[in-house]
2 protein chains.
Amino acid sequence: MSKLTEIAKRANVSRTTVSRVLNNHPYVKPEKRDAVLKAIKELNYVPNLNARNLSKGKTNVIGVIVPKINHPFFSNLIEGIGNECNKYNYSLLVHQSNNDPEKELQFFDLLKYKMIDGLILGSCVSDTSVIDELSSYGKIVSCEYSESSKVPKVFVNHEYGIQMTVDYLKAQGHQKIGLCIGNPRSGVGISRKKAFFKLQREYSLKWIDYWYFEKQYTIEDGFEVAKKILEQPSRPTAMVVGSDQVAAGIIFETKKQGIMIPEELAIVGFDNQPISKGVELTTINQPIKEIGENAASLLYSIIHNQDVPSFTTLELQLIKRNSA
Amino acid sequence: MSKLTEIAKRANVSRTTVSRVLNNHPYVKPEKRDAVLKAIKELNYVPNLNARNLSKGKTNVIGVIVPKINHPFFSNLIEGIGNECNKYNYSLLVHQSNNDPEKELQFFDLLKYKMIDGLILGSCVSDTSVIDELSSYGKIVSCEYSESSKVPKVFVNHEYGIQMTVDYLKAQGHQKIGLCIGNPRSGVGISRKKAFFKLQREYSLKWIDYWYFEKQYTIEDGFEVAKKILEQPSRPTAMVVGSDQVAAGIIFETKKQGIMIPEELAIVGFDNQPISKGVELTTINQPIKEIGENAASLLYSIIHNQDVPSFTTLELQLIKRNSA
DNA sequence: ATGAAAGCGCTAACAA
DNA sequence: TTGTTAGCGCTTTCAT
């Protein structure tokens with residue numbers, strides 16, 4: 001494993017010159033450059049990034065933390081982030097927190113320890129104070145609403161999304177509307193819940209506590225939710241569901257039991273994932289990939305000390321299909 | 001940003017001792033250890049992983065390359081790998097290749113450059129020679145069949161999977177069986193294709209070239225495949241589909257057009273993804289997460305110079321539902 | 001149980 | 001345009 005010094009020797013130049021060639025610096029005479037390149041070929045030289053990282057004080061790696069990779073929302077988000085990283089020649093370190101604050105802290109250390117140049121919070125349950133403190137160690141961007149004023153945020157207006165769906169359902173005469181969300185402690189969960197119950201009171205809709213479900217993420221969770229809804233003595237006539245996966249699960253199970261959708265139970269999802277087309281789910285289109293791309297691009301900017309807006313809001317859109 | 005030297009000074013010990021405390025080495029007197037710990041607290045010391053990585057010659061990071069993160073198969077695989085990484089305190093660098101050999105090479109460099117301690121090939125289109133050469137720079141594990149003898153492989157027996165489905169369909173009297181796969185150049189694609197056509201001839205099944213589809217990955221791709229099948233002058237009576245997503249898409253579209261499944265068109269998928277339950281898809285269960293976990297665990301072993309089997313085969317299982 | 005000293009391999013400020 | 005030199009911050013061998 002030959003190192004830079006050997007290249008320098010063989011090419012009869014200084015290590016600096018070799019380094020310059022490696023980094024495409026100007027001010028290197030073509031002859032020398034060629035000599036270096038030749039030596040590199042001959043000795044089969046391979047640079048060592050750890051040395052470079054240490055010396056430069058950066059790694060060209062950014063991290064992203066999500067509860068779980070294998071969820072369409074997050075893998076979509078990561079795809080967007082990853083695409084953008086490719087553009088900048090950054091690598092992407094992915095960590096699953098499982099919504100466990102301990103695991104989050106563990107990953108945050110990588111930012112403190114200079115292993116990553118920046119961090120994207122896909123979703124995060126840690127306190128604002130934790131994020132605030134962390135932000136003094138490195139650059140952070142959040143993909144959801146956060147109280148922390150030190151972190152640029154790129155997200156969609158979940159309140160507005162909820163408002164669109166509730167208004168839409170109300171306009172169709174629904175008075176008994178249930179709610180099903182994912183993690184109630186994440187930024188997204190908090191916004192949606194708050195928005196829903198605000199409207200719920202404002203419009204004086206009917207309400208029974210067991211019309212509320214949380215921590216539901218998958219198609220299979222949807223099966224269970226559907227079962228619970230259908231065995232309730234007093235059913236909602238419509239459900240606002242924070243995830244297309246869960247919504248699809250509800251539809252599958254509901255139809256299986258012979259209940260008509262939307263006549264007996266209307267469903268509105270969230271995300272406009274491919275599956276929603278399949279089950280003809282009315283849903284809120286959310287530009288997930290764009291959120292990821294934007295987040296990565298913002299992070300890149302702040303790493304390079306450029307100013308960025310502290311809020312970036314992307315548009316939501318109601319997609320009408322046949323489930324409501 | 002205080003560094004190790006300052007801790008040493010403040011605690012009145014050598015840097016070596018500080019390092020020992022940091023790394024939980026034995027042979028440190030409790031008093032000294034406490035003094036060091038105290039200094040660390042007081043100075044708010046934060047270690048620098050790049051320095052450590054350079055010094056130790058490893059990073060505790062492994063990489064995984066997949067065509068696309070946002071596909072249930074791969075995000076599931078990554079989840080498994082990620083879970084296992086958490087156990088070993090390894091971090092996971094994820095890269096999307098888009099099945100582009102260029103992009104693969106780019107990522108492979110990280111192994112050469114010592115940025116990652118090992119590499120998992122989720123799916124890869126590079127030549128065996130590339131992988132062979134790469135393996136002299138670092139540890140690699142593949143999650144699919146590969147010609148390279150230098151790389152331990154953990155995978156399922158795709159030939160057997162195909163055999164099970166074809167046998168199952170044939171036993172039901174199907175003679176016109178179509179095939180739909182993903183990337184025909186990946187290890188998985190090659191195996192499945194070969195196995196299918198072998199049986200196809202062996203059983204003297206009927207065949208028309210337009211019963212074959214490749215590069216199909218998503219639900220939406222499934223819509224298109226279905227449309228194409230349904231407008232064919234001579235349709236297959238059954239389809240073997242290499243992905244539950246695509247299979248689900250085919251089912252959605254087919255049903256929409258009022259075609260009966262499985263009576264008019266039988267479908268068998270592959271993966272046993274959650275969606276397959278929803279659409280009642282007959283499919284081959286593939287322990288994706290376990291593949292990921294196994295791969296990560298093997299990689300960990302070979303990084304630590306332990307011997308591992310060069311093939312690890314996981315079991316496949318036909319899950320009968322209502323689509324065939 | 002502890003410390004001195006020699007790395008790990010590359011970069012960059014400065015001088016020439 | 002090039003080289004000298006002093007780092008980057010931590011680990012580890014070896015001697016004590």
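Every chain is numbered from 1, with letters handed out A, B, ... down the list of sequences.
No hydrogens or angles considered: nothing links the side chains of B:Asn157 and B:Thr313 as a donor-acceptor pair under 3.5 Å. No side-chain donor from either of B:Thr59 and B:Asn53 sits under 3.5 Å from a side-chain acceptor of the other. Under the 3.5 Å distance criterion, with hydrogens and angles disregarded, no donor-acceptor pair is assigned to the side chains of A:Ser19 and A:Thr16.
Side-chain proximity of B:Lys56 to the nucleotides C:dA12, D:dT12, D:dT1 is greatest for D:dT12.
Side-chain N/O atoms of A:Ser55 include none lying less than 4.0 angstrom from OP1 or OP2 on D:dC8.
Atom CG in B:Asn50 sits roughly 9 Å away from atom C1' in D:dC8 (whole-Å rounding). Remark: C1' of C:dC10 and CE of B:Met115 are 14 Å apart, rounded to the nearest angstrom. As rounded to whole Å, 9 Å separates atom C1' of D:dT2 from atom NZ of A:Lys29. In this entry the distance linking CG of A:Leu49 with P of C:dC10 reads 10 Å, nearest Å. In this structure, A:Leu54 places its CG atom 11 Å from P of C:dT11, rounding to the nearest Å. Following rounding to the nearest Å, A:Asn48 (CG) and C:dC8 (P) show an atom-to-atom distance of 11 Å. Rounded to whole Å, the distance from NZ on B:Lys32 to P on C:dG3 is 4 Å. Spacing between atom OH of A:Tyr27 and atom C1' of C:dA16 amounts to 16 Å, rounded to whole angstrom units.
Nucleic acid contact class of B:Tyr113 (heavy atoms, under 4.0 Å, all strands): none. Contacts of A:Pro26 with the nucleic acid, taken as non-hydrogen atoms under 4.0 Å apart, are absent.
Contact annotation: the side chain of B:Ile65 never approaches that of B:Ile120 to less than 4.5 Å [non-hydrogen atoms, C-beta and beyond]. Side-chain contact check for B:Ile62 versus B:Leu119: every heavy-atom pair is 4.5 Å or farther apart.
Heavy-atom distances under 4.0 Å link DNA chain D to A:Thr16, A:Thr17, A:Arg20 of residues 16-25 of chain A, given in residue order.
Taking a cutoff of 4.0 Å between a charged side-chain nitrogen and a carboxylate oxygen, B:Glu84 and B:Lys87 qualify as a salt bridge.
Using cut-offs of 30° and 60° for the angle between ring planes, the A:His95 and A:Phe107 rings count as parallel.
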